[in-house]
Amino acid sequence: MFEYFYNEIFRSVIIGFGSLFNEIEVRHKDNNDDTFSIIQVPLAYGPTQKFLARMEQEANLNKPIQMTLPRMSFEFNGLEYDPKRKSTKTQTFLVEGPDGTSIKKGFLPVPYNMKIELSVMTKLNEDALQVTEQILPYFQPSYSLPIKVGGGINTTVNVPIEINNIQMLDEYEGNFDSRRTLVYTFTFTAKTYVYGPVSDVTENIVKRAKVGYVAAGAAAINAEGDLASSAKTYTRDVTYSVSPRAVKDYDGVVATLTSENVDLTTTVFEVDDGSKLTQGEYIYIGTESMYVESISSNKIVVRRAQDNTQLENHVLGSKVYTLTAADDAKIEFGDDFGFSGNYG
């Protein structure tokens with residue numbers, strides 16, 4: 001049942017979360033409102049108690065350097081299943097492999113919420129307020145963090161990071177030579193997904209489909225009660241063959257532009273460069289697919305609204321895309337590959 005896989009989801013979210021707070025600064029000003037000190041607040045992974053304990057154990061205030069304040073720490077401290085974001089167990093997804101040529105298949109990921117705490121430790125309350133104001137405006141109440149999925153899944157997912165609450169603790173006990181520490185604790189929830197193993201299905205992709213339709217003549221029974229020989233003749237023999245192809249542009253390459261306005265009834269119009277198009281190919285303008293029946297210099301004759309697209313008006317200068325093998329290679333999961341589901 002179980003097999004080894006590691007998609008680095010939790011690790012990537014933790015690293016991505018920490019990177020959000022790398023550039024926070026605290027600035028001190030004099031009575032003339034001139035900045036005389038700029039401190040980039042250091043950030044480390046670990047529990048808050050670890051840093052507080054270090055401060056308590058460094059009791060000698062005559063040492064030239066102790067633990068510098070302000071500073072921040074963060075810690076991943078909880079994980080829970082989120083049934084509200086649950087999807088169908090048997091539904092699958094397809095992604096492009098890291099090499100760009102293979103296709104990976106797997107079941108939809110499972111939703112989990114990661115609990116992460118960020119602690120801000122300062123000596124001055126002004127420092128803590130500066131840090132807090134640099135964090136809060138980005139969470140309303142969530143911030144979308146792009147995370148690249150590892151383990152052979154070449155895709156990026158947006159993980160919402162929600163802020164839940166903020167608590168303040170003033171650690172100021174003891175005599176006058178004890179150091180004061182203000183601790184602001186921010187609690188976050190990262191709504192991520194856990195991906196299972198994926199398999200390579202590149203060789204299983206349908207490259208060509210062929211359907212044969214054969215109908216025999218009307219059956220006739222002879223005097224002996226046997227099927228007459230005339231019933232063995234065929235009155236219809238049809239073979240329908242098609243290669244899956246893209247029905248919209250994927251590579252983003254513009255072949256040419258329209259040289260005139262194209263209304264809903266136009267089937268003949270001019271383009272800037274007819275040599276960029278090929279008779280018998282499909283082109284894509286706006287969201288409408290067209291089939292090129294013939295080309296004469298820069299004038300083309302087309303069949304409109306192909307592949308179940310809708311007729312559209314196109315203005316002069318509209319971009320004309322060609323649907324080629326380059327687009328076929330980038331077909332997305334969910335594309336109907338040029339199959340309309342009907343034959344006729």
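Nothing fancy with the numbering, it's 1 onward along the sequence. Since we're looking at a predicted model, the values are computed, not measured.
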Taking [X] for the side chain and [Y] for the main chain, is one N or O donor matched with an acceptor at less than 3.5 Å?
X	Y	answer
Glu270	Lys299	no
Thr267	Val302	no
Gln40	Asn22	yes
Thr322	Thr324	no
Asn7	Gly196	yes
Thr309	Ser289	yes
Asp30	Asn32	yes
Gln134	Gln130	yes

Checklist entry - When you check the side-chain N and O atoms of Asp272 and Thr256, is any donor under 3.5 Å from an acceptor? => result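 No - no donor-acceptor pair under 3.5 Å links their side chains.
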Checklist entry - Do Tyr184 and Asp127 get their side chains close enough for a donor-acceptor pair, meaning under 3.5 Å? => result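 Short answer, no.
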Any side-chain heavy atom of [X] within less than 4.5 Å of one from [Y]?
X	Y	value
Val320	Val254	no
Tyr195	Val149	yes
Gln167	Asn165	yes
Tyr112	Asp82	no
Ser73	Ser119	yes
Phe36	Asp34	no
Val198	Phe5	no
Ile285	Met290	yes

Would you indicate whether [X], at its atom [atom1], is surrounded by more than 12 heavy atoms from other residues, nucleotides or ligands within a distance under 6.0 Å?
X	atom1	answer
Phe139	CZ	yes
Arg11	CZ	no
Tyr81	OH	yes

Checklist entry - Between Glu25 and Arg27, is there a side-chain N and carboxylate O pair less than 4.0 Å apart? => result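 The answer is yes: the pair qualifies as a salt bridge.
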Looking at every heavy atom in both [X] and [Y], which two are closest together, and how far apart are they?
X	Y	answer
Ala326	Asp251	CB-OD2, 3.5 Å
Gly274	Asn298	N-OD1, 2.8 Å
Ile135	Ile24	CG1-CD1, 3.7 Å
Lys191	Glu162	NZ-OE2, 3.4 Å
Val26	Pro70	CG2-CG, 4.0 Å
Val183	Met121	CG2-CG, 3.9 Å

Checklist entry - Who pairs with Phe17 by ring pair (Phe, Tyr, Trp, His ring centres under 6.0 Å), at least two apart in sequence or on another chain? => result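 Listed in chain order: Phe21, Phe74, Phe188.
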Item to check | Set of residues satisfying ring pair (Phe, Tyr, Trp, His ring centres under 6.0 Å) with respect to Tyr284, sequence neighbours excluded | outcome: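 Partners of Tyr284 by the ring pair (Phe, Tyr, Trp, His ring centres under 6.0 Å) criterion come out as none, since no residue qualifies.
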Next on the checklist: Ile14 vs Tyr45, test: side-chain contact (heavy atoms from CB on, under 4.5 Å). Steps then yes/no.
Outcome noted: CA-CA 9 Å; Ile14 293 171; Tyr45 182 84; 4.1 Å; yes
Is there a path of hydrophobic side-chain contacts, each under 4.5 Å between heavy atoms of I, L, V, M, F, W or Y residues, that connects [X] with [Y]?
X	Y	answer
Met168	Leu129	yes
Leu118	Val41	yes
Val271	Tyr321	no
Tyr138	Leu136	yes
Ile161	Met72	yes

How long is the gap from [atom1] on [X] to [atom2] on [Y], to the nearest 0.5 Å?
X	Y	atom1	atom2	value
Phe107	Ser87	CZ	OG	11.0 Å
Thr266	Asp263	OG1	CG	3.5 Å
Ile116	Phe10	CD1	CZ	10.5 Å

Item to check | Evaluation steps, side-chain contact (heavy atoms from CB on, under 4.5 Å), between Leu145 and Leu20 | outcome: CA-CA 9 Å; Leu145 179 66; Leu20 292 177; 3.9 Å; yes
Checklist entry - Hey, does the Lys NZ or Arg CZ of Arg304 hover above the aromatic six-ring of Tyr291, less than 6.0 Å from the centre and inside 45° of the axis? => result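 No - Arg304 does not lie over the ring of Tyr291 by the 6.0 Å and 45° rule.
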Item to check | Steps toward side-chain contact (heavy atoms from CB on, under 4.5 Å) verdict (Thr187, Ile163) | outcome: CA-CA 6 Å; Thr187 305; Ile163 187 168; over 6 Å; no
Checklist entry - Do Leu108 and Tyr193 pass the side-chain contact (heavy atoms from CB on, under 4.5 Å) test, and can you show the C-alpha distance, the side-chain angles, and the key distance before you say yes or no? => result CA-CA 9 Å; Leu108 286 183; Tyr193 288 90; over 6 Å; no
N/O donor-acceptor pairs under 3.5 Å from side chains in residues 310-317, not counting sequence neighbours:
unit_1, atom_1, unit_2, atom_2, d
Glu312, OE1, Thr287, N, 3.2
Glu312, OE1, Thr287, OG1, 3.4
Glu312, OE2, Thr287, OG1, 2.3
Asn313, OD1, Leu264, N, 3.2
His314, NE2, Glu288, OE1, 2.8
His314, NE2, Glu312, O, 3.4

Item to check | CA sep, side-chain torsions, deciding dist, call: Thr189, Lys115, side-chain hydrogen bond (donor to acceptor under 3.5 Å, both in side chains) | outcome: CA-CA 5 Å; Thr189 298; Lys115 301 297 183 180; 3.1 Å; yes
